[in-house]
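One-based numbering, in listed order, for ligands and for the atoms of each.
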Amino acid sequence: MANLTVTDVRLTPILVADPPLLNTQGVHQPYTPRLIVEVVTADGVTGVGETYGDTKYLELARPFAEKLKGRQVSDLNGLFAVADEVAVDASRVSEAVDVGGLRGVQTADKLRLSVLSGFEVACLDALGKSLGLPVHALLGGKVRDAVEYSAYLFYKWAEHPAGVRSEQDDWGAALDPAGVVEQARKFKERYGFSSFKLKGGVFPPDEEIAAVRALAQAFPGHPLRLDPNGAWSVGTSVKVAEELGDVLEYLEDPALGTPAMAEVAERTGVPLATNMCVTTFAEIKEAFTQGAVQVVLSDHHYWGGLRNTQQLAAICRTFGVGVSMHSNTHLGISLAAMTHVAATVPNLHHACDSHYPWQSEDVLTERLVFENGSVRVPDAPGLGVELDRDRLALLHRRWLDDDGTLRDRDDAAAMRIADPEWATPAMPRW
Ligand SMILES: O=C([O-])C(=O)C[C@H](O)[C@@H](O)C(=O)[O-]
Ligand SMILES: [Mg+2]
């Protein structure tokens, strides 16, 4: 019988290269923080997880890790009790919608869940390796063999501002409809994606409408999405929905907050998706009863892990609301975790988001591969991925060497390097 007792927990904060991707808040930093979690059992089995690596997450992860020692990796329900014991510094959260966060309301619970998810995935990986079972089997079994992802298109500079230390990428600039179409072509060529999401809220809506129209012309029949992260008023949202209604699979978070989304939903037939107004279980009732959203983009990081993601999917199914997946900058551990849980969700009818193609660096010995836009669901024990300790050490070294400037993701601060006058836009921006 395997000894599933946690004897050691390792936390490794890293900085990962990120291209100059634009959103309504600003631009991505040249390096972004992530946290790699390792949980070791008495048998010497190591499970890996990944989550946000900014200071406020690290502050919680450290005491969480201490409390995990001596517990069983199979005690997944117990992780929530551990999370409740970890104190959150009140200055780290505001109950209001955090427009700077791009991921909705900021609460102490959500912060705890975002940390918990890294431990839950590491425990599931260790448990799976100990029992010789893939994570999807621990979650009840896969209902599909591959999970489809969509191309995540961004307006983008060719490179980070001059004088800023950064890694080169070969995607080029995308600042107008032709650039966006060119980027989409590369995504299709390289990964076989057949649906496209454009991160909007960067340029005035007419320019973004033109970019989506250009995509529709270049890729007829392909599902398209546009996501301005709540940057538009209700009126602007309705206008964009009217103009693009014939080509959009859904419009994502056109306006900020459930009441505004509900008003948009009432005035258009275009389905609305969200990763901003429904990001916690507490927000579901109001949004669903008001018909504010037709698709919830789950994210196992802030929903509190893979099993909470399954619960969210079950609630969505009950209410006839669609479900898919949101993504931030993440590495292969999280892509594997997303793929395992997505494989178990019967009502997943939209290709999931993933930033992974934008990440040229990883901490795995082998990168996960997209074939025809999909990732095959791993059947090896655990997550089916292996940590590359040299890569991990290298990216950790970068974090150690940083003076603190990059340890907390701040897209507005990154933008101010190029444009010192830049201030986080007041919402609605248009
Ligand atoms: O709304 C979304 O899809 C996101 O929040 C994803 C990311 O935060 C994305 O906007 C980004 O990284 O710029
Ligand atoms: Mg979004």
Does only the side chain of [X] get under 4.0 Å from ligand 1, or the backbone, or both, or neither? Count heavy atoms.
| X | value |
| --- | --- |
| W358 | neither |
| R225 | neither |
| M325 | neither |

Below 6.0 angstrom between ring centroids: does that apply to [X] and [Y]?
| X | Y | value |
| --- | --- | --- |
| H340 | H136 | yes |
| Y31 | H160 | no |
| H222 | F193 | no |
| F281 | W303 | yes |
| W430 | F203 | no |

Taking only heavy atoms of [X] into account, list the atoms of ligand 1 that are under 4.0 Å away from them.
| X | result |
| --- | --- |
| N229 | 1 (O), 2 (C), 5 (O), 10 (O) |
| D227 | 1 (O), 2 (C), 3 (O) |
| H355 | 7 (C), 9 (C), 11 (C), 12 (O) |
| F154 | 9 (C), 11 (C), 13 (O) |
| H28 | 11 (C), 12 (O), 13 (O) |
| S327 | 6 (C), 7 (C) |

Hey, does [X] come in under 3.5 Å of ligand 1, counting only N/O atoms on both sides?
| X | answer |
| --- | --- |
| N23 | yes |
| T329 | no |
| K199 | yes |
| L102 | yes |

Q) CG/L198 to CG/D227 distance, rounded to the nearest 0.5 angstrom? A)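 That separation rounds to 9.0 Å.
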Q) Looking at NE2 of H301 and OG of S327, how far apart are the two atoms once the value is rounded to the nearest 0.5 Å? A)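 The distance works out to 8.0 Å.
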(Q) Quick check on Q217: does its CD atom have over 12 non-hydrogen neighbours (other residues, nucleotides or ligands) under 6.0 Å away? (A)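 Incorrect, the count does not exceed 12.
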(Q) For D246, is the CG atom crowded, meaning more than 12 foreign heavy atoms sit under 6.0 Å from it? (A) yes
Q.
What count do you get for protein N, O or S atoms closer to the Mg ion (ligand 2) than 2.8 Å?
A. 3
Is the closest heavy-atom distance from [X] to ligand 1 below 4.0 Å?
| X | result |
| --- | --- |
| M276 | no |
| Q25 | no |
| H330 | no |

Q. Minimum heavy-atom separation for G245 to V270, with atom names?
A. CA-CG2, 3.6 Å
Q | Where P205 and T236 come nearest, the two heavy atoms and their spacing | A | CG-CG2, 3.6 Å
Q) Yes or no on side chain to side chain contact (heavy atoms under 4.5 Å, CB included) for E38 and V9, after CA distance, side-chain angles and deciding distance? A) CA-CA 6 Å; E38 291 174 79; V9 183; over 6 Å; no
Q | Presence of salt bridge, R34 and D54, under 4.0 angstrom | A |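 Looking at D54 and R34, the cut-off is not met.
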Q.
Can you classify the ring geometry of W358 versus F154 as parallel (below 30°), tilted (30 to 60°) or perpendicular (above 60°)?
A. perpendicular
